[in-house]
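Just below is one structure, and these are the notes that go with it.
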Amino acid sequence: MGAALRRIQLGSALSAFGLGFTVPYLYVYVAQVRDLGAGTAGVVLAVFAMAALAVLPFTGRAIDRRGPLPVLVVASGLAAVGAAALGYASSVPAAVLSAAVLGAGTAVMQPALATMLVWCSSTATRTRAFAMQFFLQNLGLGLGGLVGGQLVDVSRPASFTMLFLIESGMFVVLGAVALTVRMPRTASLGVARPGDGSAKGGMRALLSHRAMVQLCVLGFVLFFACYGQFESGLAAYGTEAAGIQPSTLGFALAANTAVIVVAQFVVLRLVERRRRSRVIAAVGLIWAFAWIVAGYAGLGHGSQAMATAAFVSTYALFGLGEAMLSPTVAPLVADLAPESMVGQYNSAFALCKQLALAVGPAVGGPMGASLHGPYIVTFVLFSLGITVLALRLGRRLTPVQDQPSLADVPSRVVAVSLPDGGGAAGAEAADGAVSVTAPAAASAAAGR
């Protein structure tokens, strides 16, 4: 099982490395290198996102019916074709179609990889597995962007073609690595979730699962208030309100990645034995403070150096929150899912994430560019909303779902199946009830 996890994470890191080669330069490539104009570049970026929204609603059922491995192999092949085609796209239709294929392929890979991690891990090891994947993906993206920046030359389209071909090759490697993985179905998949019977209703069962619906809403707010602002609203705010030089945006993103890479496993040791809902609530407070720091950068009266330092610190604080979320949110999605619906739960959460990434720039971009004060206040409030939503979600989670470390002591935490019922008991049964039988375990659950 350990070897399977390592191979999945290696393939994931290599695909992220390939994405890092091209994602930061996609706008420049379409608009300037291929001379298709800023409007076409905007359409290409929009199509890249919309393709994900189009395929994700169907991805989960395919994963649950066929298994994550064949879905991942097909998706990596699709992404490889899209990346290679984009490297040679010299017309508007070719660029748009290639971006659609690439966007669809990369979107399907996310829930497929997440489901493979679930199948190859247990409740006890899942937190670290997802933390390691997040660490490697960010490291791959950072290194890919760094190396790609040294290779590109706007005056030489062939240099960009080479980047897209490297990206395509990384997707092929991901598919090849995935084919070497033997997928176990661990007996511990259902530790803290409803039985298979609840999966028969498909999406209707998911929508009736209140804890999962609350988590999806929370996920949308998380990605809307952070990732959806990185390259749109926050960047516009920094350049317009804070007077940040465009080159400084690169340093800010580098600071974000550096904090994630350096802090990931330090943070992991601090959060893995604490309640997930409390950890997510703390992230909301950290991000609210980050937005206040951003407000000082653009609305304060300090020097340009202080404004720049504050703006870079904002991205660093976001990175700290991301490092706390990586071992928390994705494993919680897995622990809420019935065994036969892991793919659908992962796809539903990925769809909420993609919606946030689509809506975030559309809302934040214009606000960050012109409504500086309201922009900061809005996202301070959204961040505080994360804290409120996380604490409310915690009330619907069983002790093991909220704090998986309780499962390390089998004699104190016993999973039971409860019949559906009304009121609180029915809600607990719908979320996969767990009875904590020892006073020590009960006090541990309440203590963090």
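Keep in mind the model is a prediction, meaning the values are calculated, not measured. Sequential numbering from 1 along the given sequence is applied to the chain's residues.
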Under a 3.5 Å threshold, yes or no: a donor from one side chain and an acceptor from the other, between [X] and [Y]?
X: Thr115; Y: Asn346; result: yes
X: Asp402; Y: Ser277; result: yes
X: Glu322; Y: Asn138; result: no
X: Ser370; Y: Glu240; result: no

(message) With a 4.0 Å cut-off on N to O distance, would you call Arg276 and Asp335 a salt bridge?
(response)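 Yes, this pair counts.
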
Where [X] and [Y] come nearest, the two heavy atoms and their spacing:
X: Ala282; Y: Met324; result: CB-CE, 4.0 Å
X: Pro327; Y: Leu268; result: CB-CD1, 3.6 Å
X: Leu86; Y: Ala95; result: CD1-O, 3.6 Å
X: Val177; Y: Arg7; result: CG1-O, 3.2 Å

(request) Evaluate whether atom CZ of Phe265 has more than 12 neighbouring non-hydrogen atoms of other residues, nucleotides or ligands under 6.0 angstrom away. (result) yes

(request) For atom CE of Met162, decide whether the heavy atoms of other residues, nucleotides or ligands shown that lie under 6.0 angstrom number more than 12. (result) yes

(message) Among Gln137, Gln264, Gln133, exactly one meets side-chain hydrogen bond (donor to acceptor under 3.5 Å, both in side chains) together with Ser326. Which residue is that?
(response)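 That would be Gln264.
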
(request) For residues Phe224 and Phe379, determine if any side-chain heavy atom of one lies less than 4.5 Å from a side-chain heavy atom of the other. (result) yes

(request) Would you indicate whether the side-chain heavy atoms of Met212 and Phe349 approach each other to under 4.5 Å? (result) yes

(request) Report the distance from atom OH of Tyr237 to atom OG1 of Thr314, rounding to the nearest 0.5 Å. (result)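 That separation rounds to 8.0 Å.
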
(request) Give, for atom CG of Leu285 and atom OG1 of Thr387, the distance between the pair rounded to the nearest 0.5 Å. (result) 4.0 Å

(request) Identify the residue among Phe311, Trp291, Tyr227 that makes a ring-ring contact (aromatic ring centres under 6.0 Å, His included) with Phe318. (result)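 Result: among Phe311, Trp291, Tyr227, Trp291 is the only option passing the ring-ring contact (aromatic ring centres under 6.0 Å, His included) with Phe318.
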
